[in-house]
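Here the structure comes first, spelled out in structure tokens, and everything after it is commentary.
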Number of protein chains: 2
Amino acid sequence: MTSPSAHQRGRPPTTDHSAIEQAAFRLFGERGFEETTVDAIAEAAGIGRRTLFRYYPSKNDIPWGQFEAGLVRLHAHLAASPPDIPLYEAVHRAILDFNHLDEAAIPQHRQRMRLLLTTPALQAHSALKYAAWRNVIAEYVAGRCGTTADALLPRTIGHVSLALALSAYEQWLEEEDSSLPRLLDSSLSGLRRYLTRP
Amino acid sequence: MTSPSAHQRGRPPTTDHSAIEQAAFRLFGERGFEETTVDAIAEAAGIGRRTLFRYYPSKNDIPWGQFEAGLVRLHAHLAASPPDIPLYEAVHRAILDFNHLDEAAIPQHRQRMRLLLTTPALQAHSALKYAAWRNVIAEYVAGRCGTTADALLPRTIGHVSLALALSAYEQWLEEEDSSLPRLLDSSLSGLRRYLTRP
DNA sequence: TTCCCTTTTGGCACTCAATGCCCTTAAATG
DNA sequence: CATTTAAGGGCATTGAGTGCCAAAAGGGAA
């Protein structure tokens with residue numbers, strides 16, 4: 001372990017992910033996502049265009065921030081969940097945890113999710129991120145069912161869990177002062193009623 | 001109504017969607033999707049690159065073929081479904097109908113779906129197509145619930161129906177001689193058990 | 001037949017994302 | 001101070017997508 005910055009030899013980094021993200025979000029807010037060129041983001045962040053692509057593999061990845069880190073947490077939460085509670089409840093709790101936000105972080109997260117869910121290019125790109133998310137769920141379900149993650153049930157639960165989360169998010173963005181955890185509960189119970197009612 | 005080709009004035013078209021699609025699929029099969037340039041497709045179809053973009057708004061749209069026409073059928077099927085059967089059953093039946101294939105069409109459809117579900121660029125682009133599909137479902141659910149399509153339940157059912165269809169499709173692609181309708185049934189009943197079991 | 005009208009075609013130029021190549025910059029180490 | 005190591009960034013290239021506009025190719029009327 002080395003102190004503040006973990007680099008010892010060589011030229012020190014001029015920037016970091018969050019500096020780029022901030023510059024990018026400012027421009028996205030001012031002009032919109034499509035209207036903001038990568039060159040403009042690089043310039044606003046005070047780095048070269050080539051450097052930007054070393055920090056983010058694509059323009060589309062910028063708004064996703066530290067999503068991978070979130071996946072690790074999701075996986076950890078599931079791994080640590082008691083094996084005696086019903087499967088659907090373990091999954092639901094993990095999803096609630098994954099989407100837990102501190103009060104102070106809500107406005108930022110709203111802005112990020114609005115960008116992700118309303119920009120066509122990002123809606124498309126998101127499919128690739130979601131696949132990794134679904135897989136974390138599917139792996140857990142497979143573990144509890146004694147199958148592999150590519151069996152029908154784990155896959156289905158992965159897809160359906162994402163479906164529930166996304167419908168909650170879409171609703172959350174539309175109702176200015178709604179509660180995300182409450183919407184996650186509602187979409188699940190709505191589905192349950194849908195499947196069991198006349 | 002005019003006979004064979006419905007064009008009377010002006011220069012007659014030199015090509016059509018299916019000719020382009022055929023040329024494209026041949027190249028995709030030979031070299032893969034990413035490795036096939038739009039110029040190559042245009043050349044193979046015997047048209048100019050500019051013309052290709054008048055028939056398909058993007059390279060990513062080519063593998064989708066006549067999807068919009070399918071959506072119209074889905075909508076029609078739902079509109080014609082008896083209002084006295086349970087909501088989930090009406091939806092499920094419509095999805096079965098939407099994904100019904102003649103025996104002879106199966107190999108082609110397999111190839112198309114394999115391309116769509118395994119190529120990253122197409123997985124991403126598909127999100128935009130799926131949105132329209134989900135909306136057809138959501139509109140129907142909204143109609144039967146007396147709400148609008150942007151309420152939580154219709155949205156949820158739209159997302160979940162897609163989730164079920166996609167998991168069935170993914171499974172279908174993996175098991176060479178599986179039955180798509182059977183898998184659609186299985187993913188639904190798997191979900192139902194998941195939500196109601198201990 | 002010839003001219004006009006309509007519609008499709010496709011060449012050309014341009015923008016922008018993404019990527020490979022490679023030289024430069026700037027620190028740490030001995 | 002020279003060497004080593006890692007980051008920065010310029011340059012050139014590829015490939016998708018788009019606007020503009022002139023050429024091509026028919027039908028119909030004079």
Side-chain angles (χ1 to χ4, degrees), chain A residues 1-21 23-24 27-28 31-64 115 119-126 128, chain B residues 1-21 23-24 27-28 31-64 115 119-129:
Chain A
M1 289 301 117
T2 41
S3 304
S5 63
H7 99 94
Q8 304 196 311
R9 315 169 68 79
R11 176 174 177 169
T14 337
T15 186
D16 56 48
H17 286 86
S18 93
I20 298 174
E21 193 179 309
L27 293 178
F28 294 159
R31 325 177 192 173
F33 181 82
E34 309 277 13
E35 293 73 22
T36 304
T37 66
V38 172
D39 294 81
I41 301 170
E43 194 186 336
I47 58 174
R49 166 204 184 72
R50 198 64 188 77
T51 301
L52 190 152
F53 279 111
R54 283 212 187 77
Y55 281 82
Y56 291 95
S58 80
K59 179 184 171 185
N60 287 338
D61 280 292
I62 299 176
W64 276 93
L115 196 62
T119 307
L122 294 176
Q123 286 174 20
H125 184 71
S126 298
L128 305 175
Chain B
M1 291 296 119
T2 41
S3 304
S5 62
H7 102 93
Q8 304 196 310
R9 321 167 69 78
R11 176 175 176 169
T14 33
T15 186
D16 56 48
H17 286 87
S18 94
I20 297 174
E21 193 179 308
L27 293 177
F28 294 158
R31 326 177 191 172
F33 182 82
E34 309 277 12
E35 294 73 20
T36 304
T37 66
V38 171
D39 294 81
I41 301 170
E43 195 186 335
I47 57 174
R49 164 208 182 69
R50 198 64 188 77
T51 301
L52 190 152
F53 279 112
R54 283 211 189 79
Y55 282 82
Y56 291 95
S58 80
K59 178 184 170 185
N60 287 337
D61 282 293
I62 299 176
W64 277 94
L115 195 62
T119 307
L122 293 176
Q123 285 174 22
H125 184 71
S126 298
L128 306 175
K129 298 283 185 176

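Just so it is clear: chains get the letters A, B, ... in the order the sequence lines come, proteins before strands, and each one is counted from 1. Because the structure is predicted, anything quoted here is derived from the model rather than measured.
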Length of the CZ-P vector between B:F33 and D:dG15, whole Å: 14 Å
Least distance between heavy atoms, B:A127 atom then A:Q123 atom: CB-O, 3.6 Å
Once you apply a heavy-atom cut-off of 4.0 Å, does B:T37 come out as touching a base, just sugar-phosphate, or nothing? sugar-phosphate
note: B:R54, atom CZ; D:dG17, atom P; distance rounded to Å ~ 15 Å
Give me the atom names and distance for the closest heavy-atom approach of A:T36 to A:I41. CG2-CG1, 3.6 Å
Could you give the CZ-to-P distance, from B:F53 to C:dC14, as a whole number of Å? 19 Å
Expressed in angstrom and rounded to an integer, what is the separation of A:R50 atom CZ from D:dA6 atom C1'? 15 Å
At less than 4.0 Å, is any side-chain N or O atom of B:S58 found next to OP1 or OP2 of D:dA16? Yes or no. no
Do B:T51 and B:I20 make a side-chain contact, defined as non-hydrogen atoms from C-beta onward lying under 4.5 Å apart? no
Could you tell me the separation between the CZ atom of B:R49 and the P atom of C:dT9, rounded to a whole number of Å? 16 Å
From CD of B:E34 across to C1' of D:dG15 the rounded distance in Å is 11 Å
For A:Y56, answer base if it contacts any base atom (sugar-phosphate contacts may also be present), sugar-phosphate if it contacts only those atoms, and nothing otherwise; contact means non-hydrogen atoms under 4.0 Å. nothing
Round to a whole Å and report the spacing from CD1 of A:I47 to P of C:dT25. 18 Å
May I ask you to decide if the ring planes of B:F28 and B:F33 are parallel, tilted or perpendicular, using 30° and 60° as cut-offs? tilted
Considering only side-chain heavy atoms of A:Y55, which listed nucleotide, D:dA7, D:dT4, C:dT9, is closest? D:dA7
B:T14 side-chain N/O to C:dT9 phosphate OP1/OP2 under 4.0 Å: yes
When rounded to whole Å, the CZ to P distance for the pair B:R11 and D:dA22 reads 16 Å
